[in-house]
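Below you'll find the structure, written out as structure tokens, and then a few comments.
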Amino acid sequence: MTNSDYKPYNPNQTEPEIYALWEKNQAFKPNEKSSKEPRSILLPPPNANADLHLGHAMYVIEDVLIRFWRMQGHPTLWIPGTDHAGYETQYVYEKNLKKIGKSRFDFDRQTLYNNIAEFVKENSGKIQGQLKKLGFSLDWSHETYMLDDHVVNTVLTTFEKMYQDDLIYRGGYMVNYCPKCGTTFANLEVNHIEQKDPLYYIKYGPFVLATVRPETKFGDTAIAVHPDDKRYQKYIGKEIECDGLIGKFKLKVIADKYVDPKFGTGVVKVTPAHDPNDYEMGKRHQLEVKPVIDLNGKLNELTGPYQGLSVFTARQKVVSDLIEKGLLIKVNENYTHNIAVCYKGNHPIEPMVLPNWFVKTKPLAKKAVAVVKNEKVKIIPKRFNKIYFQWMENILDWPISRQVVWGIRIPAWYNIDKNPDLQVLFINRKGESVAGKVRDICGKYTISEIEKGLQKLIAPANSKFIISRQKPGENYLQETDSFDTWFSSGQWPLTTLKYPDSKEFKKYYPTTLLDTMWDILFFWVARMIMFGIYLTGKAPFKYVYLHSMVTDREGKKMSKSKGNVINPIEIVDKYGADALRMSLLVGCAPGNPIALSEEKIKGYRNFANKIWNIARYIEINTQGKDVKCFESHMPEFTLKNNKSAELNWCHGRIDELNKLSKKVTKLLDNYKFSQAGEELYHYIWDIFADIHIEGSKVWLNNDNQYSAYIRGTLKDMLETNLKLLHPFMPFVTEAIWQRLGKNSLLITEKWPE
RNA sequence: GGACCCAUAGCUCAGUUGGUUAGAGCGUUACAUUGACAUUGUAAAGGUCAGUGGUUCGAGUCCACUUGGGUCCACCA
């Protein structure tokens with residue numbers, strides 16, 4: 001240790017050197033010789049092609065635990081990885097395509113897939129460097145990518161097993177379809193926004209009814225009233241004739257409690273093909289499902305002159321035609337209601353009945369509720385239990401197919417001879433786009449030409465299929481849908497640990513704790529619990545820690561669209577990773593938002609400097625001088641009953657350190673990061689520096705027989721504090737440790753208990 | 001419509017199972033200064049813990065209601 005360095009601590013220079021030192025010594029690998037209980041955490045995988053944002057820096061909680069456990073001597077494994085983020089990534093890629101005047105429709109499926117893979121490859125690799133900058137002691141030798149062969153293998157095996165266990169089915173169901181994105185979304189992926197739309201009062205035979213969607217009238221298959229509505233009793237069960245835009249039509253009048261007699265005129269047109277509630281009503285009354293909107297959001301052949309018009313154009317034309325025919329009674333222009341939009345682009349959702357792959361979730365959810373109820377899985381903070389139960393107990397079947405190329409393709413095959421109604425969309429050899437049913441197309445094109453240029457395949461709900469990884473025969477085409485991202489990331493604890501046969505899996509499953517933000521409790525955490533129990537009988541983690549959402553100064557969520565995103569790396573460059581880490585750890589409670597300010601980070605940058613200078617003070621006062629460890633002489637002193645003020649002082653300090661160690665250990669054992677960090681901050685600055693170091697100056701100025709013990713005690717205090725603080729501020733503590741001339745790494749030192 | 005959370009110093013927030021004079025950071029005020037550290041030190045000001053009622057020997061903490069703010073789930077043609 002030399003005196004020649006900077007007075008202020010310089011994190012920019014120190015941090016990369018220290019991280020390299022740890023890596024060189026393979027300090028992140030679990031200590032496999034230890035017989036203590038194994039501990040493990042999986043880093044929630046960021047998108048492979050994205051940059052780190054400040055939310056990711058909250059994973060510092062995991063690093064604190066990992067470093068704490070590692071120092072306690074547990075075999076400790078922390079696995080990093082990245083996600084292919086199916087739809088998210090394809091969305092970004094398609095936006096780039098748009099800039100060069102192209103779209104996904106210009107490519108066959110395989111080419112598009114390869115292009116996106118290339119795009120991800122070009123844009124990945126940033127994450128690793130950024131995680132290292134934050135000081136995360138991840139075992140990089142276990143790094144996993146969601147599309148690694150072994151991951152895909154496990155996901156496909158799970159799908160096959162679930163199919164055999166009758167947990168997977170294919171069916172036509174009302175799904176949330178976004179014509180713009182060209183894919184369906186799960187309910188969780190749909191948002192509702194308030195919007196003002198005209199409410200049209202339209203004449204239907206003897207009735208007048210209110211609707212915001214007159215263009216769907218061609219898909220009406222009934223008219224509904226409330227069973228107790230006195231105005232309409234005489235019509236219930238009858239068929240009525242109406243004047244329409246494309247001729248007269250007949251509709252049955254049904255009675256259903258869903259209808260609110262107070263709304264509008266108390267009469268509802270029922271369109272089972274394009275409204276979730278009407279669909280349910282249709283099931284109750286065995287109504288025909290008559291789709292009139294196609295996958296591009298345009299009206300189909302059943303709408304006569306309106307065919308080919310987009311929903312909104314059609315609406316305007318329908319309205320003006322209704323006026324012309326005298327069928328429009330009045331319009332309420334100030335009607336506000338909620339409309340469903342896709343979460344990514346805020347495009348209007350078109351509810352449609354489409355064939356989809358589903359997971360039967362009820363039996364899985366039942367067990368996933370049980371493990372939380374009997375505390376095999378503990379959620380921190382506890383109040384999320386209730387939210388979790390509420391959701392899990394009302395869970396609906398999970399649609400897992402996405403009409404997205406980027407992802408794991410569903411391993412199902414359709415025989416074109418047995419399924420003549422298969423619709424295919426493909427690019428032929430001449431580069432022309434061809435669409436149609438296989439029964440019409442197969443004469444003109446060979447199966448290999450179709451397969452090669454295949455873009456999309458739509459198999460009717462009752463199609464026959466085979467689940468297989470390989471092509472089962474000559475005349476088969478593979479499903480073009482891919483799995484919902486969460487279907488694969490839901491198996492992350494299994495895939496990262498190489499379920500079922502690896503050493504890691506046997507030793508580290510179930511993992512100790514999962515740390516994530518509460519916004520993906522249902523998307524991800526609940527699904528991991530379901531998959532984990534289904535495949536292994538055990539939930540994949542013992543604790544779920546729901547960390548804070550990092551907001552901007554005003555408490556607003558950070559998002560790209562708002563432009564208030566802070567890049568954590570900029571903060572690291574400015575103030576050091578240790579400072580950022582402490583700012584995220586102290587002063588926040590799990591599940592609550594944390595508003596991060598630059599002043600706070602500056603405060604902890606100053607703290608790092610404080611410790612640095614405490615070390616310099618002790619260095620100057622011990623170098624070349626007699627230094628004796630008080631603790632190793634304690635029995636001797638007790639025997640002599642030595643009452644010297646100096647030795648009493650030493651005794652008091654050692655006592656104090658033991659208490660501090662116990663307190664911090666207990667707080668960390670209970671995942672109280674904020675309090676543990678604050679405790680250390682307070683002790684080091686207000687007690688150690690301001691009281692004891694100041695006090696020591698008097699002793700050291702009057703050099704006597706006890707001064708060596710004073711020096712030794714100061715050094716002990718420093719070393720213990722470095723150990724205790726290391727999980728929070730790993731860089732500055734390790735840097736000082738190295739300057740103390742220790743022949744060891746602080747990161748693997750023994751934790752003071 | 002259903003549920004959850006929050007309200008503590010000027011600002012941003014901690015406060016574990018109810019237990020002495022309620023804490024931190026930043027900010028404010030006065031003073032100090034080449035000291036290990038100005039990324040500093042010493043001292044100080046600042047809170048009837050949103051309101052009302054209740055349980056208790058004792059409530060920031062537990063219960064009920066009221067007011068204000070946030071979030072989630074479901075969504076009416």
Side-chain angles (χ1 to χ4, degrees), chain A residues 3 6-11 187-188 190 192 194 197 199-202 209-214 216 223-224 258-260 262-271 275-278 281 335 337-340 381 383-391 394-396 518-519 521-522 548-549 551 553-557 575-576 579 582-583 585-589 591-621 663 666-667 669-679 681-682 685-686 689-690 693-694 696-697 714:
Chain A
N3 292 341
Y6 308 108
K7 280 189 195 174
Y9 169 62
N10 179 354
N187 282 343
L188 273 174
V190 172
H192 295 270
E194 200 171 86
D197 276 312
L199 181 65
Y200 302 100
Y201 285 76
I202 303 172
L209 57 80
T211 179
V212 285
R213 301 206 58 186
T216 62
I223 282 182
Y258 163 77
V259 181
D260 176 1
K262 292 190 200 81
F263 186 93
T265 56
V267 185
V268 183
K269 70 189 199 62
V270 187
T271 323
D275 183 280
N277 293 301
D278 291 5
M281 224 185 319
Y335 177 64
H337 63 146
N338 287 332
I339 63 153
R383 62 184 156 88
F384 280 91
N385 280 7
K386 216 168 176 180
I387 301 173
Y388 175 84
F389 293 141
Q390 195 185 320
W391 194 73
N394 296 305
I395 198 166
L396 300 173
W518 39 261
D519 63 338
L521 184 62
F522 306 130
S548 305
M549 177 176 74
T551 66
R553 192 187 302 264
E554 275 85 43
K556 294 255 160 58
K557 190 173 176 174
Y575 300 107
M582 274 301 263
S583 317
L585 287 163
V586 178
C588 63
N592 285 3
I594 171 173
L596 195 61
S597 69
E598 197 152 338
E599 287 74 28
K600 188 177 181 184
I601 302 164
K602 235 183 239 176
Y604 289 111
R605 188 261 325 253
N606 297 355
F607 181 52
N609 188 56
K610 188 75 188 178
I611 306 158
W612 185 254
N613 279 292
I614 288 170
R616 287 185 68 236
Y617 171 82
I618 291 172
E619 165 196 348
I620 288 163
N621 283 285
K663 199 164 184 180
K666 196 182 164 194
L667 287 170
D669 277 337
N670 290 302
Y671 308 113
K672 309 267 180 196
F673 307 102
S674 181
Q675 284 168 75
E678 198 175 319
E679 197 67 43
Y681 180 93
H682 170 66
W685 202 316
D686 302 336
D690 289 351
I693 286 191
E694 287 309 313
S696 78
K697 288 176 182 173
L714 284 172

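Since this is a predicted model, take the numbers as computed values, not measurements.
A gap of 33 Å separates the P atoms of B:rC49 and B:rU40, to the nearest Å. Nucleotides B:rU39 and B:rG25 have their C1' atoms positioned 15 Å apart, rounded to a whole Å. Comparing B:rG47 with B:rG10, their P atoms are spaced 7 Å from each other, to the whole Å. With C1' as the reference atom, B:rU17 and B:rC73 are 32 Å apart, rounded to whole Å. B:rG15 and B:rG23 have their P atoms separated by 15 Å, with the value rounded to a whole Å. Here the separation of B:rA50 from B:rA9, taken at their P atoms, is 8 Å to the nearest Å. Separation of the C1' atoms belonging to B:rG2 and B:rA59 is 31 Å when rounded to the nearest angstrom. Across the P atoms, B:rC13 and B:rC57 are found 37 Å apart, a figure rounded to whole Å.
The side chain of A:Ala589 approaches B:rA14 more closely than any other nucleotide in the set B:rC4, B:rC37, B:rA14. Side-chain proximity of A:Asn187 to B:rA74, B:rU16, B:rC4: nearest is B:rA74. Which of B:rU39, B:rA36, B:rU16 sits closest to the side chain of A:Tyr617 comes down to B:rA36. In the set B:rC76, B:rA36, B:rC26, B:rC26 carries the atom at the smallest distance from any side-chain atom of A:Glu599. If you check B:rC4, B:rA14, B:rA36 against the side chain of A:Ile387, the one that comes closest is B:rC4. Distances were taken from every side-chain heavy atom of A:Tyr258 (C-beta onward) to each of B:rC76, B:rU71, B:rG15; the shortest belongs to B:rC76. Picking from B:rC4, B:rC75, B:rG15 the nucleotide with the shortest atom distance to the side chain of A:Lys386 gives B:rC4. Among B:rA36, B:rA3, B:rU39, the nucleotide with an atom closest to any side-chain atom of A:Pro8 is B:rU39. The side chain of A:Arg383 lies closest to B:rC4 when the candidates are B:rC4, B:rC76, B:rG25. Residue A:Pro276 has its side chain nearest to B:rC76 when only B:rC72, B:rG25, B:rC76 are considered.
Atom P of nucleotide B:rG27 and atom CD of A:Glu598 are separated by 13 Å, given to the nearest angstrom. Summarising the geometry, the separation between OH on A:Tyr671 and P on B:rG15 is reported as 18 Å, rounded to the nearest angstrom. The separation between A:Asn394 atom CG and B:rA3 atom P is 12 Å, rounded to whole Å. As rounded to whole Å, 11 Å separates atom P of B:rG41 from atom CD1 of A:Ile693. For the pair A:Asn592 CG and B:rC13 C1', the interatomic distance rounds to 10 Å; values are reported in whole Å. If you measure from atom CD1 of A:Ile601 to atom C1' of B:rC26, you get 12 Å, rounded to the nearest angstrom. Rounded to an integer number of Å, the gap from A:Tyr575 OH to B:rC26 P is 13 Å. To the nearest angstrom, C1' of B:rA24 lies 19 Å from CZ of A:Phe673.
At the phosphate of B:rC37, neither OP1 nor OP2 sits under 4.0 Å from any side-chain N or O atom of A:Asn609. The side chain of A:Trp685 contributes an N or O atom lying less than 4.0 Å from OP1 or OP2 of B:rG41. Taking 4.0 angstrom as the limit, A:Asn606 places a side-chain polar atom (N or O) nearer than this to OP1 or OP2 of B:rU40. Close to B:rU17, at under 4.0 Å from its OP1 or OP2, lies no side-chain N or O of A:Asn670.
Closest heavy-atom contact between A:Ser674 and A:Gly587: OG-N, 2.8 Å.
Residue A:Lys697 is classed as a base contact, given a heavy-atom separation below 4.0 Å to a base. Within the nucleic acid shown, A:Tyr681 comes within 4.0 Å of sugar-phosphate atoms alone, with no base atom in reach, counting heavy atoms only. Residue contacts shown for A:Val270 are absent, as no nucleic acid heavy atom lies under 4.0 Å away. At a threshold of 4.0 angstrom between heavy atoms, the contacts of A:His682 with the nucleic acid are absent.
Between A:Glu598 atom CD and A:Arg605 atom CZ the span is 9.5 Å, to the nearest 0.5 Å. The distance from atom CH2 of A:Trp685 to atom CG of A:Asn606, rounded to the nearest 0.5 Å, is 5.5 Å. Taken to the nearest 0.5 Å, the OH atom of A:Tyr575 stands 15.0 Å off from the OH atom of A:Tyr604. Rounded to the nearest 0.5 Å, atoms CD1 (A:Ile594) and OG (A:Ser548) are 5.5 Å apart. With values rounded to the nearest 0.5 angstrom, A:Ile339 atom CD1 is found 9.5 Å from A:Arg213 atom CZ.
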Polar atoms only, N or O, under 3.5 Å: list the protein pairs with nucleotides 42-47 of chain B and their distances.
none

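Between A:Leu667 and A:Glu678 there is no side-chain heavy-atom pair separated by less than 4.5 Å. In this structure, the side chains of A:His337 and A:Val212 come closer than 4.5 Å at one or more pairs of heavy atoms. Residues A:Trp612 and A:Asn10 are not in side-chain contact: their nearest non-hydrogen atoms beyond the backbone lie 4.5 Å or more apart. A:Lys269 has its side chain within reach of A:Thr216: a pair of non-hydrogen atoms, C-beta onward, lies under 4.5 Å apart.
If A:Phe607 and A:Asp260 are placed on RNA chain B by their nearest nucleotide, the residue sitting closer to the 5' end is A:Phe607. For the pair A:Ile614 and A:Asn338, both in contact range of RNA chain B, the more 5′-proximal nearest nucleotide belongs to A:Ile614.
Side-chain N/O atoms of A:Lys610 and base N/O atoms of B:rC37 include a donor-acceptor pair closer than 3.5 Å. Side-chain atoms of A:Asn277 stay outside donor-acceptor range of the base of B:rC76, with no qualifying N/O pair under 3.5 Å.
The number of heavy atoms from other shown groups lying within 6.0 Å of NZ (A:Lys666) does not exceed 12.
The main-chain N or O of A:Val586 is found under 3.5 Å from a side-chain atom of A:Lys600 such that the two form a donor-acceptor pair.
Counted by atom type alone, A:Tyr617 and A:Ser696 present one or more donor-acceptor pairs between their side chains at under 3.5 Å.
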Exercise for the section: Would you sketch RNA chain B in dot-bracket for me? Only Watson-Crick or G-U wobble pairs with both distances under 3.5 Å count, crossing pairs as [ ], other-strand pairs as |, the rest as dots. Expected result: (((((((..((((.....[...)))).(((((.......))))).....(((((..]....))))))))))))....

